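All values reported here derive from a predicted model rather than from experimental measurement. Side chains included, hydrogens not; waters and symmetry mates left out as well; all remaining heavy atoms used.
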Amino acid sequence: MKGTNLGEFEEVVLLSVAILREKAYGMAIKVEIRRRLGRNPSIGALHASFNRLEEKGFLESRESDVAPERGGRRRRYYKITRSGANALQKARSIRDDMWKSIGDLSFGFGK
């Protein structure tokens with residue numbers, strides 16, 4: 001298994017897979033990220049992230065049956081593994097702890 005740290009984009013991808021659950025495939029994940037973050041990642045960037053997350057053991061994938069409406073092509077569906085869920089929980093815990101340590105966000109700039 002590769003390193004266990006999550007990059008920001010990897011975290012967003014994993015969160016999108018968690019939101020979409022059994023409907024998590026490339027284009028649906030792309031749309032979810034665009035809808036929620038206003039970012040429009042390329043399919044290439046998504047696939048690179050899927051590959052990294054699978055190498056880390058955070059995602060699993062499976063191909064669908066042949067889809068006539070897709071010209072006989074299959075979709076690849078993604079699912080978070082237990083390690084992936086643990087990585088998300090760890091990232092959230094670290095962020096929450098750091099936010100709690102900040103206190104006043106004004107930094108003396110006023111409101």
Side-chain angles (χ1 to χ4, degrees):
M1 177 170 25
K2 236 179 169 177
T4 57
N5 291 331
L6 278 179
E8 186 250 348
F9 187 65
E10 291 174 332
E11 185 176 349
V12 166
V13 169
L14 279 179
L15 288 167
S16 297
V17 171
I19 290 164
L20 293 167
R21 298 188 183 259
E22 69 279 348
K23 296 176 185 166
Y25 66 95
M27 189 55 71
I29 294 165
K30 177 181 170 71
V31 169
E32 188 69 23
I33 291 170
R34 184 175 57 227
R35 187 175 76 78
R36 291 188 179 262
L37 277 69
R39 291 168 57 176
N40 192 23
S42 70
I43 287 294
L46 279 170
H47 283 285
S49 185
F50 296 149
N51 290 337
R52 280 192 312 274
L53 290 166
E54 283 191 292
E55 286 175 12
K56 291 179 179 184
F58 295 164
L59 272 185
E60 294 176 344
S61 66
R62 67 168 179 80
E63 282 190 338
S64 69
D65 293 332
V66 173
E69 69 275 5
R70 292 179 38 84
R73 294 180 306 167
R74 300 171 189 265
R75 283 187 177 142
R76 180 163 296 278
Y77 286 90
Y78 296 91
K79 176 181 163 187
I80 294 178
T81 64
R82 183 177 303 266
S83 294
N86 289 340
L88 277 175
Q89 287 294 340
K90 180 180 175 185
R92 181 180 186 178
S93 176
I94 289 168
R95 288 190 201 293
D96 287 349
D97 186 52
M98 291 180 78
W99 275 104
K100 288 176 192 169
S101 298
I102 291 174
D104 179 15
L105 283 178
S106 71
F107 300 106
F109 299 118
K111 293 185 181 183

Is it true that Arg52 and Glu10 make a salt bridge, defined as a side-chain N closer than 4.0 Å to a carboxylate O?
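Answer for the salt bridge query: yes.
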List in chain and number order the residues that pass side chain to side chain donor-acceptor pair (under 3.5 Å) with Asn40, two or more places apart in sequence or in another chain; answer none if no residue qualifies.
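Checked Asn40 against side chain to side chain donor-acceptor pair (under 3.5 Å); matches are Lys30, Arg34.
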For [X], give me all partners under salt bridge (charged side-chain N to carboxylate O under 4.0 Å, His left out), at least two apart in sequence or on another chain.
X     : answer
Arg92 : Asp96
Glu11 : Arg95
Arg62 : none

Report yes if some heavy atom in the side chain of [X] is under 4.5 Å from a heavy atom in the side chain of [Y]; otherwise report no.
X     : Y     : answer
Val13 : Ile33 : yes
Tyr78 : Leu53 : no
Phe58 : Leu6  : yes
Glu54 : Ser61 : yes
Glu32 : Leu15 : no

[X] versus [Y], closest heavy-atom pair with distance:
X     : Y     : answer
Ile29 : Ser16 : CG2-CB, 4.0 Å
Ile80 : Ala85 : CG2-N, 3.4 Å
Leu14 : Gly84 : CD1-O, 4.1 Å
Gly57 : Ser83 : O-CB, 3.6 Å

Following the transitive rule for hydrophobic clusters with a side-chain heavy-atom cut-off under 4.5 Å over Ile, Leu, Val, Met, Phe, Trp and Tyr, establish whether [X] and [Y] coincide in one cluster.
X     : Y     : answer
Ile19 : Leu59 : no
Phe50 : Met27 : yes
Val12 : Ile94 : no

Mark yes or no for whether Lys90, through its side chain, and Asn5, through its backbone, hold a donor-acceptor pair below 3.5 Å.
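No: the side chain of Lys90 does not pair with the backbone of Asn5.
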In chain order, what residues pass the ring pair (Phe, Tyr, Trp, His ring centres under 6.0 Å) check against Tyr77, with sequence neighbours excluded?
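For Tyr77 the ring pair (Phe, Tyr, Trp, His ring centres under 6.0 Å) partners, ignoring immediate neighbours, are Tyr25.
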Could you give the distance from CD (Glu60) to NZ (Lys79), rounded to the nearest 0.5 Å?
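If I round to the nearest 0.5 Å, the distance is 5.5 Å.
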Which pairs, with at least one residue in residues 12-22 and sequence neighbours excluded, count as a salt bridge (charged side-chain N to carboxylate O under 4.0 Å, His left out)?
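Those involving residues 12-22 do not exist here.
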